[in-house]
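Everything numeric in this text was worked out from a predicted model, so none of it was measured. FYI, side chains are in, hydrogens and waters are out, and symmetry mates aren't considered; it's all heavy atoms of this structure. By convention in this document, chain letters (A, B, ...) are assigned in the order of the sequence lines, proteins followed by strands, and residues within each chain are numbered from 1.
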Number of protein chains: 2
Amino acid sequence: MPAAIPFEEVPAPPWQSPRKGLRKAPAARQPLSAEAVLSAALRLVDRDGLDALSMRRVAQELGTGAASLYAYFSNKDELLEQLLDRVIGDIPLPSAAAADWAAEVKRSCYASRAVFLAHRDLVKVARANIPVGPNSLRYVEALLAVLRGAGIPDRIAAWGMDQMSLVIVADAIEASIHASLGRQSEADAAPYLAQVSEYYANLPAEQFPNLNAMAPAMIEGSGDERFEFAIGLMVDGLARYIKAAV
Amino acid sequence: MPAAIPFEEVPAPPWQSPRKGLRKAPAARQPLSAEAVLSAALRLVDRDGLDALSMRRVAQELGTGAASLYAYFSNKDELLEQLLDRVIGDIPLPSAAAADWAAEVKRSCYASRAVFLAHRDLVKVARANIPVGPNSLRYVEALLAVLRGAGIPDRIAAWGMDQMSLVIVADAIEASIHASLGRQSEADAAPYLAQVSEYYANLPAEQFPNLNAMAPAMIEGSGDERFEFAIGLMVDGLARYIKAAV
DNA sequence: ACCTGAACACCGTTCAAGT
DNA sequence: ACCTGAACACCGTTCAAGT
């Protein structure tokens with residue numbers, strides 16, 4: 001597992017407002033630091049979910065007041081953004097040296113999803129698609145290396161990567177919602193899905209003939225299978241753009 | 001434009017908690033009703049965005065207190081869910097009679113995105129992928145008719161529809177975020193995108209050779225072009241699953 | 001220079017008390 | 001039976017006052 005890169009090693013994007021507080025870690029005798037705040041925040045998310053993550057509770061976890069956090073993060077959104085980037089640092093980087101680039105990309109997508117799902121619904125904070133955190137940048141760089149190495153044109157590689165991250169995030173969000181409703185395992189989800197299927201089967205026949213007929217198909221497949229299907233559509237689609245081979 | 005179906009015309013899904021308050025519209029002399037609450041809420045979202053939508057403000061818009069809304073919606077989430085379904089009622093239904101099913105599906109995806117984008121960031125409330133509102137169900141039914149009519153196997157049609165709605169929603173969310181940052185038009189976004197591209201171009205060369213090289217490609221294409229690319233990947237991918245023609 | 005208690009301006013939801 | 005004022009238990013963020 002690669003070590004996370006601290007935010008200081010990469011230049012700050014110029015379109016973001018600069019933090020108003022400290023930029024460096026404070027003196028050693030201080031218990032507070034950006035690192036400590038992020039760790040406390042992640043502990044909270046892992047234990048109680050994203051909704052439980054308030055500035056006040058993070059501060060409480062650190063034995064201080066909410067106002068103290070504003071020395072390290074200009075607001076809650078910035079804290080969340082850095083927290084997500086820290087988690088993204090746990091995703092193993094795909095290798096451009098892999099024999100089968102498509103398999104490597106798919107593997108990497110599965111790994112990304114797994115890392116997100118290890119932290120409850122934290123993935124919900126991933127919104128705008130432009131990566132800026134150091135770990136996100138490093139991951140993007142590695143994935144682009146694979147796609148370009150495979151001969152995919154730059155523009156298609158850029159668009160395809162956007163789409164893949166969008167699909168990974170959207171799927172992980174959905175899975176995290178199901179998990180938060182107590183349907184982590186396939187077995188837990190089964191009674192709920194059976195209810196959904198029956199609901200579709202019993203909709204008025206004149207209005208909903210296709211939903212009636214597809215009631216069983218609508219709940220077929222585990223979350224993993226559906227995700228693999230989606231990623232397969234994307235990656236196989238990208239493969240068709242590869243320039244004429246030498 | 002099809003008229004929206006009221007929630008009463010479709011049976012309530014059994015896995016949802018029943019509303020605790022009224023089920024029917026109150027006496028005519030009452031200014032309050034579920035319909036009136038939804039209209040006020042939509043007005044608020046259209047004017048000030050989803051973050052401005054609080055129970056208190058909706059109530060204020062109607063000249064009453066927040067507590068009064070709980071007679072019609074058991075909580076804020078339910079209000080939002082019904083509000084989204086109401087907007088989904090504005091999406092024209094795709095036709096299974098269309099000569100080119102793939103073109104019809106793509107057109108329908110573009111139309112969905114356009115309807116979502118007409119209501120600021122309301123689309124953010126679309127989370128779990130299982131449609132339950134009457135208008136959502138009607139749309140799903142129509143889209144399934146097109147996919148099944150094209151000869152796509154049931155399981156693939158179900159998974160593909162899930163994916164398409166996920167891509168539409170995720171893309172619309174991203175576009176709405178950009179719009180809320182004052183980058184509605186391509187012209188408004190240009191200076192921001194130029195900054196992003198320059199940022200990528202100036203990342204340390206040893207660590208980020210691919211991002212350096214792809215700096216121009218990373219911001220190529222309008223939001224519309226990127227969306228059409230993504231939908232194209234999906235729909236063309238689904239086409240490959242069509243059973244052997246007769 | 002760094003930290004923080006208290007305050008400001010909000011939330012969603014409940015419930016006793018009204019009509 | 002329906003509606004609502006007031007309260008409860010929270011929010012993110014600011015800022016004057018401390019050390």
Side-chain angles (χ1 to χ4, degrees), chain A residues 16-38 40-41 44-45 47-84 121 124-125 127 180, chain B residues 16-38 40-41 44-45 47-84 121 124-125 127 180:
Chain A
Q16 288 196 334
S17 55
R19 271 166 270 172
K20 69 183 171 197
L22 301 181
R23 302 201 134 270
K24 303 179 182 187
R29 60 178 183 80
Q30 291 293 348
L32 227 53
S33 69
E35 204 42 54
V37 172
L38 289 177
L44 229 108
V45 171
R47 193 206 305 146
D48 301 324
L50 190 60
D51 285 345
L53 180 59
S54 70
M55 298 299 269
R56 285 169 142 94
R57 276 209 244 191
V58 173
Q60 194 181 27
E61 195 88 354
L62 293 162
T64 181
S68 301
L69 306 183
Y70 289 82
Y72 303 93
F73 304 92
S74 43
N75 51 47
K76 189 186 179 183
D77 275 351
E78 194 186 306
L79 193 161
L80 288 175
E81 191 186 310
Q82 292 194 27
L83 190 57
L84 184 71
D121 52 349
K124 281 179 184 160
V125 313
R127 319 183 249 81
S180 75
Chain B
Q16 287 197 334
S17 55
R19 271 167 270 172
K20 70 182 171 198
L22 302 179
R23 304 201 133 269
K24 304 179 180 187
R29 61 178 182 78
Q30 290 294 349
L32 226 53
S33 69
E35 205 40 56
V37 172
L38 290 177
L44 236 125
V45 171
R47 193 206 306 144
D48 301 323
L50 190 61
D51 285 345
L53 179 59
S54 70
M55 297 299 269
R56 285 168 142 95
R57 276 209 245 191
V58 173
Q60 195 181 28
E61 195 89 354
L62 293 162
T64 182
S68 302
L69 307 184
Y70 289 83
Y72 303 93
F73 304 91
S74 43
N75 53 46
K76 189 186 179 184
D77 275 351
E78 194 186 305
L79 193 162
L80 288 175
E81 193 186 308
Q82 293 195 27
L83 191 57
L84 184 70
D121 52 349
K124 280 180 184 161
V125 314
R127 318 183 250 80
S180 75

Strand-adjacent residues in residues 59-68 of chain B, judged by heavy atoms under 4.0 Å from DNA chain C = B:A66, B:A67
What nucleotide among D:dC3, D:dC11, C:dG12 has an atom nearest to a side-chain atom of A:S54?
-> D:dC11
Nearest to the side chain of B:Y72, which nucleotide is it out of C:dC3, D:dA7, D:dC3?
-> D:dC3
Answer for the Watson-Crick or wobble partner of C:dC11, both distances under 3.5 Å, is none
Paired with D:dT4: which nucleotide, if any, by Watson-Crick or G-U wobble criteria at under 3.5 Å for both distances?
-> C:dA16
Starting at CG of B:L84, measure out to CG of B:L38 and round the result to the nearest 0.5 Å.
-> 11.0 Å
Measure [atom1]/[X] against [atom2]/[N] and give the value in whole Å, please.
X     : N      : atom1 : atom2 : result
B:R56 : D:dG5  : CZ    : P     : 12 Å
B:D51 : C:dC11 : CG    : P     : 11 Å
B:F73 : C:dT13 : CZ    : C1'   : 16 Å
B:N75 : C:dT14 : CG    : P     : 8 Å
B:L69 : C:dC11 : CG    : P     : 13 Å
A:M55 : D:dG12 : CE    : C1'   : 8 Å
B:L53 : C:dC11 : CG    : C1'   : 12 Å
A:E78 : D:dT13 : CD    : P     : 11 Å

Is a donor on one side and an acceptor on the other found under 3.5 Å between the side chain of A:D121 and the backbone of A:G49?
-> no
Which atom pair, heavy atoms only, marks the closest approach of A:A52 to A:L44?
-> O-CD2, 3.1 Å
Determine the minimum heavy-atom distance between A:E78 and A:F73, stating which atoms define it.
-> OE2-CA, 4.1 Å
Is a salt bridge present between A:E61 and A:R56, judged by a nitrogen-to-oxygen distance below 4.0 Å?
-> no
Pair A:K76 + A:E81, salt bridge at N-O below 4.0 Å | no
A:M55 vs A:L79, side chain to side chain contact (heavy atoms under 4.5 Å, CB included): CA-CA, chis, key distance, verdict = CA-CA 9 Å; A:M55 298 299 269; A:L79 193 161; 4.1 Å; yes
For B:R57 and C:dC10, is the shortest distance between a side-chain N/O and OP1 or OP2 below 4.0 Å?
-> no
